[in-house]
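Remarks on the structure that follows.
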Amino acid sequence: MDVLYFAWVRERIGRPKDRIETQAATVRDLVEELRAREERYAAAFEDLSALRVAVDQELSDFDASLAGVREVAFFPPMTGG
Amino acid sequence: MDVLYFAWVRERIGRPKDRIETQAATVRDLVEELRAREERYAAAFEDLSALRVAVDQELSDFDASLAGVREVAFFPPMTGG
Amino acid sequence: MDIRVQEAAFDLGDEARAFAERQRGMGAVVTFTGIVRDLDGGDLDVMEIEHYPGMTEAAIEKIGQEALSRWNLGDILVIHRYGRLRPDDLIMMVATSARHRVDAFQGAEFLMDFLKSRAPFWKKEVTGQDAAWVAARDEDEDALSRW
Amino acid sequence: MDIRVQEAAFDLGDEARAFAERQRGMGAVVTFTGIVRDLDGGDLDVMEIEHYPGMTEAAIEKIGQEALSRWNLGDILVIHRYGRLRPDDLIMMVATSARHRVDAFQGAEFLMDFLKSRAPFWKKEVTGQDAAWVAARDEDEDALSRW
C-alpha cells in the first residue's frame with residue numbers, strides 16, 4: 001500500500017511517501033503502526049484532529065476500512081482557492 | 001419645470017419631454033394636470049402603480065413636494081443590469 | 001470607483017485584466033457580465049437600451065458608495081451600455097475587489113441587484129416587426145429586501 | 001466543464017473573454033479570481049502551493065458536478081495553479097455561466113467554498129528566512145454548511 005504525506009505532515013516525516021505492507025484493518029490501525037515506527041512519525045500523527053485522510057484519493061475518515069485499498073494519504077486541512 | 005418621459009411612457013405620450021408652468025404642490029397634483037391635457041397623457045398615467053417617478057433625478061414617490069423642483073421624470077420600473 | 005455609462009462596446013477580457021492588475025493588497029476579484037440573450041427562444045434582432053442621462057451616473061454612484069460602506073471592498077468598476085445591442089453583445093459588467101472572497105462576492109451581488117431595479121435603464125426587445133419593453137420581474141424587486 | 005490544474009501562469013483577461021464568448025444562450029457570466037497577497041503586511045516573498053496530483057482533478061470534477069446538479073448553469077471553468085508563486089500572481093479562477101444571474105453567482109460561490117476546503121491544495125508562505133503553512137480558517141469550514 002502506498003502511504004502519502006502532504007504539506008507539514010510530509011515535512012515532519014521527512015519524505016513524501018512510504019510503501020508499506022500492513023495488516024491494518026482501518027486507517028486508525030495504520031496510524032498506530034506508523035506512530036510506532038519512529039519519533040518523527042509519532043510527532044506527525046500526534047494530534048489526529050489536525051489531520052485529514054484520503055483513501056484511494058477520496059476524502060475519508062480514520063475509521064475507514066483498508067480492505068482492498070491501494071493508497072492512503074495524510075495531510076492537514078486543505079487551503080485551496 | 002422640465003417633465004421627462006422614458007420607455008413606454010415616452011412612447012405613449014409621443015415625446016420625451018415637456019416644459020411646464022405649474023402650481024402643482026405634489027407629483028400627484030402634477031399627474032392630475034397632465035392627465036387632463038390630452039387622451040395620450042391620460043393613457044400614459046392610467047395606472048400609477050405601473051409607474052415610477054424621479055424628482056430632480058432622485059427616485060421619489062407620488063406624494064413628493066414639487067417646491068423648488070426643476071425636473072420630474074416618469075417611467076416604468078427599471079430593467080438595468 | 002470607476003463608473004462608465006456608454007454606448008460603445010467594451011471588452012470583458014481587457015477590463016477584467018486591467019481591474020485586477022490595478023488592485024493592491026486585494027486577494028479576491030469578482031466580475032459579473034450581462035450578455036444579450038434570446039432567452040425566450042424567439043428571434044431577437046436587437047435589444048434597445050434607453051437610460052436617463054445624468055440620473056444614471058448619479059444613481060450608480062450612490063449604489064456604489066452604499067456597497068463600499070457595507071463591505072470591505074478595495075474598488076468597484078461598473079460599465080453599462082445603452083443604445084442598440086445585438087445578441088451576444090455584452091450589456092454591462094461589474095467588478096469588485098476585496099481582501100477576502102465573501103466581501104467581493106457580496107459586493108458584486110449587491111451592485112447587480114440594485115443596478116437591476118434602481119438604475120434608470122429600460123430594455124426593449126425587437127424581434128422582426130415586434131418590439132416589447134422588458135417587464136421588471138417581481139423576483140428582482142424582491143431581491144433588494146435581502147440587503 | 002473545463003478544469004485545469006497547472007503550474008503555468010494564466011491570463012485572467014484571455015480566460016474570461018474566451019469563456020464568455022463560448023457560452024450560448026447564457027445571459028450571465030461570473031468570475032472569481034484569487035491573487036497572491038501579503039495580507040499580514042509582512043514581506044511575503046513566495047507562496048508555495050502543494051497539491052495531490054490525481055486526487056486534485058477528481059476532487060474538483062466532483063465539486064463541479066455537484067454545482068451543475070444544484071443550479072441551472074451553462075458551463076464551469078476552474079483553473080488552479082500550484083508551485084512557487086509571487087505576490088500579485090494569480091492563484092486560481094473560476095467562471096460560471098447561467099441564464100440568470102442568481103445561478104451564476106451561487107454556482108461560483110459554491111465552487112469557491114468547496115475549493116477552499118475540499119480540494120487538496122496546501123499553501124505555504126515564505127517570508128525572508130521564515131516559512132509557514134497557511135492554516136485553514138474556521139470560517140472557511142463553516143461556509144460549507146450553508147449549502
Side-chain angles (χ1 to χ4, degrees), chain B residues 1-20 22 26-28 30-31 34 39-81, chain C residues 3 5 32-37 39 47-63 78-82 85 90-94 108-126 131-144:
Chain B
M1 179 188 294
D2 288 328
V3 182
L4 280 58
Y5 315 111
F6 292 98
W8 60 253
V9 184
R10 172 180 56 70
E11 290 181 334
R12 211 165 283 183
I13 292 175
R15 53 199 301 174
K17 186 172 173 175
D18 280 308
R19 185 155 188 91
I20 291 176
T22 179
T26 68
V27 173
R28 204 177 295 276
L30 175 63
V31 167
L34 291 167
E39 174 53 32
R40 57 206 170 100
Y41 284 90
F45 290 102
E46 190 180 3
D47 177 11
L48 287 195
S49 75
L51 292 181
R52 301 291 178 268
V53 59
V55 171
D56 281 342
Q57 305 195 351
E58 284 259 7
L59 210 55
S60 187
D61 58 70
F62 290 91
D63 296 321
S65 163
L66 293 184
V69 165
R70 288 165 296 112
E71 183 173 302
V72 174
F74 296 100
F75 41 78
M78 295 158 272
T79 53
Chain C
I3 294 171
V5 180
F32 176 93
T33 307
I35 305 171
V36 178
R37 296 304 186 195
L39 291 182
M47 174 174 278
E48 290 179 10
I49 303 180
E50 184 171 338
H51 80 119
Y52 185 167
M55 178 173 166
T56 311
E57 294 78 359
I60 298 175
E61 170 86 22
K62 196 173 158 188
I63 293 167
V78 178
I79 303 174
H80 204 304
R81 296 181 64 193
Y82 58 87
L85 279 66
L90 306 190
I91 303 170
M92 54 82 64
M93 74 175 286
V94 304
E109 288 190 63
F110 176 90
L111 289 173
M112 285 309 304
D113 281 356
F114 279 81
L115 286 170
K116 274 274 166 193
S117 309
R118 291 292 181 272
F121 291 98
W122 300 275
K123 296 194 185 103
K124 187 183 197 175
E125 292 179 339
V126 182
W133 290 98
V134 174
R137 304 191 310 164
D138 286 344
E139 60 206 87
D140 285 332
E141 189 65 30
D142 295 345
L144 302 185

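A, B, ... follow the sequence lines: proteins, then strands. Residue 1 opens every chain.
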Q: Tell me, out of B/Ala54, B/Ala7, B/Pro77, who's got the most heavy-atom pairs with chain C below 4.5 Å.
A: B/Ala7
Q.
Measuring from atom CE of C/Met55 to atom CZ of B/Phe6, what distance do you get when rounded to the nearest 0.5 angstrom?
A. 9.0 Å
(Q) According to side chain to side chain contact (heavy atoms under 4.5 Å, CB included), who are the partners of B/Thr26, at least two apart in sequence or on a separate chain? (A) B/Arg28, B/Asp29
Which donor-acceptor pairs fall under 3.5 Å between chain B and chain C:
| from | atom 1 | to | atom 2 | distance (Å) |
| --- | --- | --- | --- | --- |
| B/Ala7 | N | C/Glu50 | OE1 | 3.4 |
| B/Ala7 | N | C/Glu50 | OE2 | 3.0 |
| B/Arg10 | NE | C/Glu50 | OE1 | 3.4 |
| B/Arg10 | NE | C/Glu50 | OE2 | 3.0 |
| B/Arg10 | NH2 | C/Glu50 | OE1 | 2.6 |
| B/Glu11 | OE1 | C/Trp133 | NE1 | 2.7 |
| B/Glu11 | OE2 | C/Lys124 | NZ | 2.3 |
| B/Gln57 | OE1 | C/Met55 | N | 3.2 |
| B/Glu58 | OE1 | C/Lys62 | NZ | 3.2 |
| B/Glu71 | OE2 | C/Tyr52 | OH | 2.5 |
| B/Pro76 | O | C/Trp122 | NE1 | 2.9 |
| B/Thr79 | N | C/Phe121 | O | 2.8 |
| B/Thr79 | O | C/Lys123 | NZ | 3.1 |
| B/Thr79 | OG1 | C/Lys123 | N | 3.0 |
| B/Gly80 | N | C/Lys116 | O | 3.0 |
| B/Gly80 | O | C/Lys123 | NZ | 3.2 |
| B/Gly81 | N | C/His80 | NE2 | 3.0 |
| B/Gly81 | O | C/Lys123 | NZ | 2.8 |

Q) Heavy-atom distance under 4.5 Å to chain B: side chain of C/Ala59, backbone, both or neither? A) neither
(Q) So which residue, C/Pro120, C/Ala135, C/Ala58, C/Gly34, ends up with the most heavy-atom pairs under 4.5 Å with chain B? (A) C/Pro120
